[in-house]
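The structure appears right after this line, and notes come after that.
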Amino acid sequence: MSAPDTQEALRSTQPERAERLFPTLTAAQIDRIAPHGRRRSIAPGDVLVDAGERVVPFFLVLSGRIQILRPSSAGETLIVSHGPGQFTGEGNMLTGRRALASTRVIEPGEVIELNREELLTLIQTDPELSGIFMRAFILRRMALIADHLGDVVLIGSMHCGGTLRVKEFLTRNGHPYDFIDLDREADAQLLLDRFHVTASDVPVLICRGVDVLKNPSNQAIADCLGFNDSIDRTQVRDLVIVGSGPAGLAAAVYGASEGLDVLVLEADSPGGQAGSSSRIENYLGFPTGISGLDLTGRAYAQAQKFGAQIMIAKGATKLACQRPPYDVQTEEGVRVRGRAVIIATGAQYRRPALENLSQFEGAGVYYAATPMEGQLCAGDEIVIVGGGNSAGQAAVFLAGMARRVQMLVRGDGLAATMSRYLIRRIEDNPAIVLRTQTEIVALEGDRRLQRVTWRDKRTGRVEANDIAHVFMMTGAVPNTHWLDGCVVLDDKGFIKTGPELSHDDRAASGWPLARPPFLLETSRPGVFAVGDVRAGNVKRVASAVGEGSIAVSFVHQVLQKH
Ligand SMILES: Cc1cc2nc3c(=O)[nH]c(=O)nc-3n(C[C@H](O)[C@H](O)[C@H](O)COP(=O)(O)OP(=O)(O)OC[C@H]3O[C@@H](n4cnc5c(N)ncnc54)[C@H](O)[C@@H]3O)c2cc1C
């Protein structure tokens with residue numbers, strides 16, 4: 001008999017949740033799975049999966065019992081055991097990432113084994129099983145995250161920009177980790193000494209219990225955790241999408257679900273700007289709002305369910321756009337090719353021209369307002385710079401945690417730049433002080449931001465305050481620098497598409513076809529631009545999602561011509 005595990009504990013306290021996490025399939029469901037895989041006998045002691053293994057198969061138990069075990073300093077810790085009708089797997093079955101746990105047989109019997117491709121085919125063709133698997137995989141991954149049952153230990157300080165960056169990267173990629181806070185754990189320094197790292201090397205990331213990475217880049221973390229290992233870089237894809245914010249993810253979901261072979265390149269983490277929003281309240285279908293992380297996390301899983309492959313921390317640096325298939329290159333020399341390309345690289349916050357801004361980024365200056373930043377400024381006074389919807393949302397959200405919110409706006413008011421529902425909430429909130437015609441002029445501090453100075457443009461009065469948190473939400477610039485003349489841009493650097501491209505634009509860029517560009521098509525045939533990066537886009541999640549899906553219908557038309 002196995003030792004008590006998560007499943008047994010859950011069944012006695014929350015039976016319905018246990019059934020969603022660890023369902024037992026019916027005989028009819030098992031019969032539908034069997035033709036997709038192979039039957040295999042199992043004996044006690046057999047290791048079906050080793051923790052860290054790159055290619056993780058799926059097992060359905062027919063008879064006998066298997067255990068899922070997590071490597072730990074004490075040896076191995078039992079997570080759960082599965083008996084007849086139950087199956088293995090969690091979120092990494094969709095992402096194709098390494099196994100976080102081992103699978104070992106404790107009672108003899110028989111299993112059905114499917115490799116990842118066989119499982120994905122089954123998920124795409126059997127809606128009932130797809131629902132059961134998706135729900136179990138996602139809930140199991142969420143449980144691993146909640147219980148910090150990952151293969152990563154992060155050692156750092158919440159007052160260090162690098163630590164915040166790494167935490168955000170792991171969170172947005174749904175990777176469970178343990179965090180050791182140097183400011184709270186008295187013996188953390190001893191741990192650092194054990195690995196011969198100094199305080200200036202933080203954050204330190206212990207990856208899969210083996211590699212010690214000092215202040216690693218997001219790219220180094222993705223490589224160490226094997227985020228992109230299962231992706232074939234050699235084949236020419238139907239569609240390469242650059243960027244995985246809402247626009248890129250929507251294109252991936254529609255493209256892959258309509259049978260296209262889709263590869264997405266993402267410079268950082270999936271979710272884009274929307275992923276950094278604490279609560280999106282105006283997206284259709286979510287009357288009580290949804291956090292950007294939840295919305296984009298679901299879209300990410302959905303794209304993978306349909307078979308789209310998403311390369312993480314691989315930014316495009318060049319588009320070779322002479323003729324299809326188009327080459328998209330990344331800094332590390334990765335080169336992928338697509339018969340059609342969708343550019344969905346969005347925009348990022350403008351960084352005000354303040355002399356020492358970079359010194360305080362992550363150490364008092366932030367560009368996102370999620371619960372993570374909220375925790376950092378609890379009970380303190382904060383400054384928000386900007387008068388757009390994202391600034392308004394941040395003010396309302398952070399006012400729930402901060403002592404006072406100083407909102408600095410360069411214009412005369414908010415009416416021209418912010419939705420009415422947000423303006424009303426700001427006006428009704430006594431914790432928010434709105435300062436119009438005011439701009440930030442200086443930041444001061446030692447290792448962290450300590451003092452902020454602003455100037456009232458009407459009176460010229462300069463005021464300095466002891467404030468340690470500034471949220472910069474000051475309009476966006478498009479991520480188009482990497483395109484290097486490949487497609488026609490407007491005077492602000494946004495990509496022109498469809499009817500926006502004048503006769504002169506087309507002539508100057510050498511548009512080669514008799515037909516004019518499709519809606520959302522750039523000055524290169526088969527290269528589309530969607531979402532915030534596109535000239536004329538309205539900078540909303542809904543429009544990004546809409547454009548991503550519309551572009552796919554034109555991609556089909558372009559591919560039919562080849
Ligand atoms: C804090 C905040 C709150 C917001 N709240 C709302 C709201 O409530 N409602 C609403 O409708 N809208 C809201 N918005 C706006 C909304 O998030 C954006 O309009 C939307 O995210 C745009 O989607 P996108 O996919 O076009 O671009 P983005 O979200 O900007 O995504 C672009 C992606 O491309 C990646 N990328 C960039 N360059 C490269 C490259 N060279 N190679 C590969 N990848 C690259 C980026 O890392 C990013 O992941 C908010 C924005 C912010 C910042």
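Counting from 1, the numbers follow the sequence of the chain as shown. Worth saying up front: this structure is predicted, and the values here are computed from it rather than measured. Every number for a ligand or one of its atoms is a count from 1 in the order of the listing.
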Task: side chain to side chain contact (heavy atoms under 4.5 Å, CB included) partners for Thr171, two or more places apart - done: Tyr177, Leu293
TODO: Just say parallel, tilted or perpendicular for the rings of Phe227 and His175, cut-offs at 30° and 60°.
DONE: tilted
Open item on the list: To the closest 0.5 Å, what do you measure between CZ (Phe554) and CG (Leu520)?
Closed with: 6.5 Å
TODO: Check for a donor-acceptor pair, side chain of Ser419 on one end and backbone N or O of Leu422 on the other, with a separation under 3.5 Å.
DONE: no
TODO: Carefully, step by step, assess Glu547 and Asn537 under the rule side-chain hydrogen bond (donor to acceptor under 3.5 Å, both in side chains).
DONE: CA-CA 9 Å; Glu547 290 181 13; Asn537 165 280; 3.1 Å; yes
Task: Residues in contact with ligand 1, criterion: heavy atom under 4.0 Å - done: Val242, Gly243, Ser244, Gly245, Pro246, Ala247, Leu265, Glu266, Ala267, Ser269, Gly272, Gln273, Ala274, Ser276, Ser277, Ile280, Asn282, Gly315, Ala316, Ala344, Thr345, Gly346, Ala347, Tyr349, Ser390, Gln393, Asn479, Trp482, Gly531, Asp532, Lys539, Arg540, Val541, Ala544
- [ ] Answer whether the closest heavy-atom distance between the side chains of Glu331 and Gln219 falls below 4.5 Å.
- [x] no
